[in-house]
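In what follows, a structure is listed as structure tokens, so that the remarks can point back to it.
None of the values given here were measured: they were computed from a predicted structure. Note: hydrogens, waters and symmetry copies are ignored here, and every other heavy atom, side chains too, is used.
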Amino acid sequence: MNKKIKHSYYIVLFLIATSSIQAQGYWSRIEEKEPTLGIADVYQKFNTPDFQLKLVKASQTVAGLKPIKDLNFDFTPSDRLEIRDKDGLYHLGDINLRIKEIDRDWKSYSTAAKRSAVTPIEPFGTIVAGADLANTLPNDIPVTIKRFYEIDNDKLVLRFEIINKSANNIEIGALGIPMIFNNILEGKSLNETHAQNVFFDPYIGMDAGYLEVKKTEWSRSITFSFTSKKHGF
């Protein structure tokens, strides 16, 4: 019986060691890629009633999201921003779509696939920052997409405006906004995980959907809700 227990213990250790090596190999391969996010350029910071929002100026994706009451904590994986500044890695503010025009095949589009600096839109009203995302999307996409960070009833809102620019009817078969928060646990101790990381739980409820993001050591959570205004294409 004791021998069986020892064998099991060795197998668990081997699996843990293998997982650690694989994780290190993944980040090493990512680090070798060419940076495209634009983090070498200027950042923008905005204080809102609940959060300090930090944007990469070139991409206007989120580089930091800190609660005003605890500016030492960041909901996003900003500690890995210099490694994750490559094509194909999502950041809060990215968007994915699958679009089909009549009698044509479905095509996928993503702002993260091949990055290029977005065109900023002059803020107005309650808008904190905005951008036209055309530069970071393929030329053949049949829609224009603008992204806005704005304040609505003292709440920070991420809003996308999607307009059909073609002469044909189109169908959006999939639309996804990657929710990138700091749940990367690899290489951290239990105490570091409690202090630096979050866990999140989605509710897929169509227009009533939400994502609850919670720091592990907090007794209360912060909820990100999702709404849409229905327009015909």
Apply side chain to side chain contact (heavy atoms under 4.5 Å, CB included) to the pair Thr144 and Ile162, showing each step before the final yes or no.
CA-CA 6 Å; Thr144 60; Ile162 305 173; over 6 Å; no
Please determine whether salt bridge (charged side-chain N to carboxylate O under 4.0 Å, His left out) holds for the pair Lys33 and Asp87, giving the CA-CA distance in whole Å, both sets of side-chain angles, and the decisive distance to 0.1 Å.
CA-CA 8 Å; Lys33 294 184 176 182; Asp87 284 348; over 6 Å; no
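More than 12 non-hydrogen atoms from other residues, nucleotides or ligands lie less than 6.0 angstrom from CD of Glu192. The neighbour count for Asp140 CG, taken as heavy atoms of other residues, nucleotides or ligands under 6.0 Å away, is above 12. Heavy atoms from other residues, nucleotides or ligands lying under 6.0 Å from OH of Tyr203 number 12 at most. The local environment of NZ in Lys146 is sparse, with at most 12 non-hydrogen atoms from other residues, nucleotides or ligands closer than 6.0 Å. Residue Lys165 qualifies as enclosed at atom NZ: its count of foreign heavy atoms under 6.0 Å is above 12.
Leu137 contributes atom CG, which lies 10.5 Å from atom OG of Ser116 (distance to the nearest 0.5 angstrom). Residue Leu133 holds its CG atom at 10.0 Å from OG of Ser59, rounded to the nearest 0.5 Å. Note: Thr111 OG1 to Ile145 CD1 = 7.5 Å, rounded to the nearest 0.5 Å. Considering CD1 of Ile177 and CG of Leu211, their distance stands at 11.5 Å, rounded to 0.5 Å. Taking CD1 of Ile170 as the start and CD1 of Ile99 as the end, the distance is 5.0 Å to the nearest 0.5 Å. Atom CG of residue Leu89 and atom OG1 of residue Thr61 lie 11.5 Å apart, to the nearest 0.5 angstrom.
Linking ILVMFWY side-chain heavy atoms closer than 4.5 Å, directly or via other members, places Tyr109 and Tyr90 in two distinct hydrophobic clusters. Phe51 and Val157 fall into different hydrophobic clusters, where Ile, Leu, Val, Met, Phe, Trp and Tyr are joined by side-chain heavy atoms under 4.5 Å apart, directly or via other members. Cluster annotation: Tyr210 and Ile180 are assigned to distinct hydrophobic clusters (Ile/Leu/Val/Met/Phe/Trp/Tyr, side-chain heavy-atom contacts under 4.5 Å, transitive). Hydrophobic clustering (ILVMFWY, side-chain heavy atoms < 4.5 Å, transitive): Leu158 and Leu37 are in distinct clusters. In the hydrophobic clustering of this structure, Val213 groups with Val62; members are Ile, Leu, Val, Met, Phe, Trp, Tyr whose side-chain heavy atoms approach within less than 4.5 Å, directly or through other members.
For the pair Tyr149 and Ile127, the minimum side-chain heavy-atom distance is 4.5 Å or more. No side-chain heavy atom of Phe75 sits under 4.5 Å from any side-chain heavy atom of Asn182. The side-chain heavy atoms of Arg84 and Ile184, taken from C-beta on, include a pair separated by under 4.5 Å. Side-chain contact check for Ile83 versus Leu81: every heavy-atom pair is 4.5 Å or farther apart. Residues His91 and Val56 have side chains not in contact (no heavy-atom distance under 4.5 Å, counting atoms from C-beta outward). Put simply, the side chain of Met179 reaches to within 4.5 Å of the side chain of Leu92, judged on heavy atoms. Between Asp50 and Leu156 the shortest side-chain heavy-atom distance does not fall below 4.5 Å. At least one side-chain heavy atom of Val128 sits less than 4.5 Å from a side-chain heavy atom of Ile151.
For the pair Asp79 and Lys188, the salt-bridge criterion is met [side-chain N within less than 4.0 Å of a carboxylate O]. Under the 4.0 Å criterion applied to side-chain N and carboxylate O atoms, Asp94 and Arg115 are assigned as salt-bridge partners. Of the charged side-chain nitrogens involved, none lies within less than 4.0 Å of a carboxylate oxygen, so that Lys100 and Asp105 do not count as a salt-bridged pair. Looking at Arg159 and Glu150, a side-chain N of the basic residue comes within less than 4.0 Å of a carboxylate O on the acidic one, giving a salt bridge.
For the residue pair Ser108/Arg98, the side-chain donor-acceptor check at 3.5 Å is satisfied. A donor atom on one side chain and an acceptor atom on the other are not found under 3.5 Å apart for Asn197 and Asn183. A donor atom on one side chain and an acceptor atom on the other are found under 3.5 Å apart for Asn164 and Ser166. Between the side chains of Thr36 and Asp85, no donor-acceptor pair of N or O atoms lies under 3.5 Å.
Just one residue in the list Val118, Asp132, Ile121, Thr136 forms a side-chain contact (heavy atoms from CB on, under 4.5 Å) with Gln60, and that residue is Val118.
Judged by the 6.0 Å and 45° rule, Lys215 forms a cation-pi pair with Phe73. Geometrically, Lys214 does not engage Phe199 in a cation-pi contact defined by less than 6.0 Å to the ring centre and at most 45° from the axis.
Using cut-offs of 30° and 60° for the angle between ring planes, the Phe124 and Phe148 rings count as perpendicular.
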